[in-house]
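Report on one structure; see the data block that follows.
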Amino acid sequence: MRLATYDDGHGPRPALQRRAGSELIDIAALAELAGVNGLDGASPDITSVLQAGPEMAHELLGLYDKNEERLRALSAVHPVESVTLLPPVLKPEKFICIGLNYHDHAAETGQSAPKEPMFFAKFANSLIGHGATITPPAITNQVDYEAELAVVIGKRGNNIAVDEALQYVGGVMALNDVSARDLQLANQLWTGGKAIDTFAPAGPTLVILDEINDVQSLPIKARVNDVVVQDSNTANMIFSVAELVCYLSRIMTLVPGDIIATGTPAGVAHAHGPMTFLHSGDTVEIDIAGIGVLRNPVGEPVGSSPLPQEAGAAS
């Protein structure tokens, strides 16, 4: 089962999806019709569903089966192709990205595996949905792709035990941690090359964990213009999803809707020369088995012209 946030021309709405590619069921309309408190318009995205607990999505699906005819009459069921998919979570309280978390990526950058997770922040301004355009600022000429598995927290917690950590995950999705390498390496904190408008495509939907056999055994790929540029598996992570949730929860309280982007595998453009950076007209696809394909075009740069920079190591 999947959760999504969509726009049919009337603003963001949370939705339920039985399986990949199937119709979107408007959660707020369903909750109002079935008398489910707290979900009838409480949130424009899926956050309120996550806050309601892990069984809520299943309860909603059962209610849909009982109310399908009435919902269709209310125009509350939509073919995916008829709406715009937005990032499943629109305004996470926290958007945490893990750097250097694949053995193969560490090797291609000539760095040793870190002894503990390296993390930095992006913000809600970077999030866009499936099909939306990545729009680089003209100040960079080193726009890079990063295929990542992202987890969304489903339950509030801190000091979470590693063997209980997956119970706090509301679902997983594909994410592209787009990076401006020249801007990133101009500042040791990396934020200038990471937290850029449109530089975090996410989706297409959030997949509930009961649809995933093992989050640590998922083939993950990136394609640019149909050419495979990253090809790995989440089994190659240095720190597993459970270990990341455990580690971060010892530093901060995790809440429903928080996003953790778990790092990228080998194959980033920065490690393979300037000709492989992204340019206007390119299309980037992040393909994670069992989750789906996140596809975004690259648009024309906006703003003032780029500044010359020397690039260093990639995250």
TODO: Start with the C-alpha distance between Lys66 and Glu59, add both sets of side-chain angles, then the distance that settles salt bridge (Lys or Arg N to Asp or Glu O under 4.0 Å), and finish with yes or no.
DONE: CA-CA 11 Å; Lys66 296 176 182 178; Glu59 180 181 339; over 6 Å; no
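- Under the 3.5 Å distance criterion, the side-chain polar atoms of Gln17 are matched with a main-chain donor or acceptor of Ser22.
- By the 4.5 Å heavy-atom criterion applied to side chains, Leu16 and Met1 are counted as neighbours.
- Residues Glu300 and Ser280 have side chains that bring a donor and an acceptor to within less than 3.5 angstrom of each other.
- Within a 6.0 Å radius of CG in Asp65, more than 12 heavy atoms belonging to other residues, nucleotides or ligands are found.
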TODO: In sequence, state the C-alpha distance, the side-chain angles, and the governing distance for Ile286 and Leu175, and then conclude on side-chain contact (heavy atoms from CB on, under 4.5 Å).
DONE: CA-CA 7 Å; Ile286 311 301; Leu175 186 138; over 6 Å; no
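- Glu164 meets the salt bridge (Lys or Arg N to Asp or Glu O under 4.0 Å) test with no other residue; sequence neighbours excluded.
- The two atoms that bring Val83 and Asp8 nearest to each other are CG1-CB, 3.9 Å, heavy atoms only.
- Counting only heavy atoms from C-beta outward, the side chains of Pro92 and Phe123 never approach each other to under 4.5 Å.
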Task: Stepwise side-chain contact (heavy atoms from CB on, under 4.5 Å) test for Lys94 and Ile153 - done: CA-CA 10 Å; Lys94 292 181 282 297; Ile153 297 300; over 6 Å; no
TODO: Please lay out, stage by stage, how Asn225 and Thr283 fare under the test side chain to side chain donor-acceptor pair (under 3.5 Å).
DONE: CA-CA 5 Å; Asn225 303 329; Thr283 297; 4.5 Å; no
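- A donor-acceptor contact under 3.5 angstrom links the side chains of Thr109 and Gln111, judged on distance only.
- The two atoms that bring Leu294 and Pro201 nearest to each other are CD2-O, 3.4 Å, heavy atoms only.
- For the residue pair Gly257 and Val89, the shortest heavy atom distance occurs at O-CG1, 3.5 Å.
- Looking at every heavy atom in both residues, Val224 comes nearest to Val229 through CG2-CG2, 3.9 Å.
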Task: Verdict with reasoning, Glu23 to Arg72, per salt bridge (Lys or Arg N to Asp or Glu O under 4.0 Å) - done: CA-CA 11 Å; Glu23 295 173 306; Arg72 290 187 182 278; 2.5 Å; yes
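- Between Asp287 and Arg223 there is a salt bridge, with a side-chain nitrogen of the basic residue lying less than 4.0 Å from a carboxylate oxygen of the acidic one.
- Atom CD of Glu243 has more than 12 heavy atoms from other residues, nucleotides or ligands within 6.0 Å.
- Pairing each heavy atom of Thr5 with each of Pro44, the nearest pair is CG2-O, 3.5 Å.
- For the pair Ala266 and Asp104, the tightest heavy-atom approach, listed with the atom from each and the gap, is N-OD1, 3.3 Å.
- Pairs engaging residues 116-129 under the side-chain hydrogen bond (donor to acceptor under 3.5 Å, both in side chains) rule: Glu116-Tyr247, Lys122-Asp177, Asn125-Asp197 [sequence neighbours left out].
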- [ ] Tell me, with the steps shown, if Leu63 and Leu30 meet side-chain contact (heavy atoms from CB on, under 4.5 Å).
- [x] CA-CA 8 Å; Leu63 290 171; Leu30 173 58; 4.1 Å; yes
TODO: Mind running side chain to side chain donor-acceptor pair (under 3.5 Å) on Asp282 and Tyr145 for me, showing each step along the way?
DONE: CA-CA 11 Å; Asp282 288 343; Tyr145 49 83; over 6 Å; no
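- Counting only N and O atoms by type, the side chains of His58 and Glu55 include no donor and acceptor under 3.5 Å apart.
- Inspection of the Ser249 and Asn158 side chains reveals no N or O donor paired with an N or O acceptor under 3.5 Å.
- Around the CG atom of Asp163, the shell of radius 6.0 Å holds more than 12 heavy atoms that belong to other residues, nucleotides or ligands.
- Counting heavy atoms of neighbouring residues, nucleotides and ligands inside a 6.0 Å radius, atom CZ of Arg156 does not exceed 12 of them.
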